[in-house]
Peer 1: 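Before I ask anything, let me first share the structure, which is written out below as structure tokens.
Atom set for the values below is all heavy atoms of this structure, side chains included, hydrogens, waters and symmetry mates excluded. None of these values were measured; they are calculated from a predicted model.
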Amino acid sequence: MSCADTSTFPLGNTVVGDFTFRDPANSDALVDPSVVKAAVKNPNGTITIYTYGVDVQVVRTAVGVYYVEVNANLAGTWYVRGYSTGTYKG
């Protein structure tokens, strides 16, 4: 119930990572975990964790569908991983 994405973004662009959460025990139905987080690693190796409902960078667009958006203030490769804790963790 997580995703990992690696992309290169030009300096000043917005880094966007999409992720969905599904329940394999229920025909892979989309679900909302109790806690949704996004880990974003910048080109310098600094990892920042964002939490849905706490940080505006994590947005829910539908049941089980989320994205994280941050400013690419460094040129290079950015890594994004969406994951959950609590119910439907993964």
Peer 1: Between A62 and D32, which heavy-atom pair has the shortest distance, and what is it?
Peer 2: O-OD1, 4.1 Å
Peer 1: Minimum heavy-atom separation for V15 to V80, with atom names?
Peer 2: CG1-CG2, 3.9 Å
Peer 1: Is there a path of hydrophobic side-chain contacts, each under 4.5 Å between heavy atoms of I, L, V, M, F, W or Y residues, that connects V65 with V58?
Peer 2: no
Peer 1: Taking the side chain as everything from C-beta on, heavy atoms only, tell me whether W78 gets closer than 4.5 Å to N42.
Peer 2: yes
Peer 1: According to the interplanar angle, ranging from 0 to 90°, do the rings of F19 and Y66 count as parallel (below 30°), tilted (30 to 60°) or perpendicular (above 60°)?
Peer 2: parallel
Peer 1: Do V36 and V63 sit in one hydrophobic cluster, given that two such residues count as connected whenever their side-chain heavy atoms are within less than 4.5 Å of each other, even indirectly?
Peer 2: no
Peer 1: Is Y83 close to I49 at the side-chain level, that is, under 4.5 Å between some pair of heavy atoms?
Peer 2: yes
Peer 1: Minimum heavy-atom separation for E69 and T14, please, with both atom names.
Peer 2: CG-CG2, 3.1 Å
Peer 1: Report yes if some heavy atom in the side chain of Y79 is under 4.5 Å from a heavy atom in the side chain of I47; otherwise report no.
Peer 2: no
Peer 1: Which pair of heavy atoms, one from D28 and one from R22, lies closest together, and at what distance?
Peer 2: O-NH1, 2.9 Å
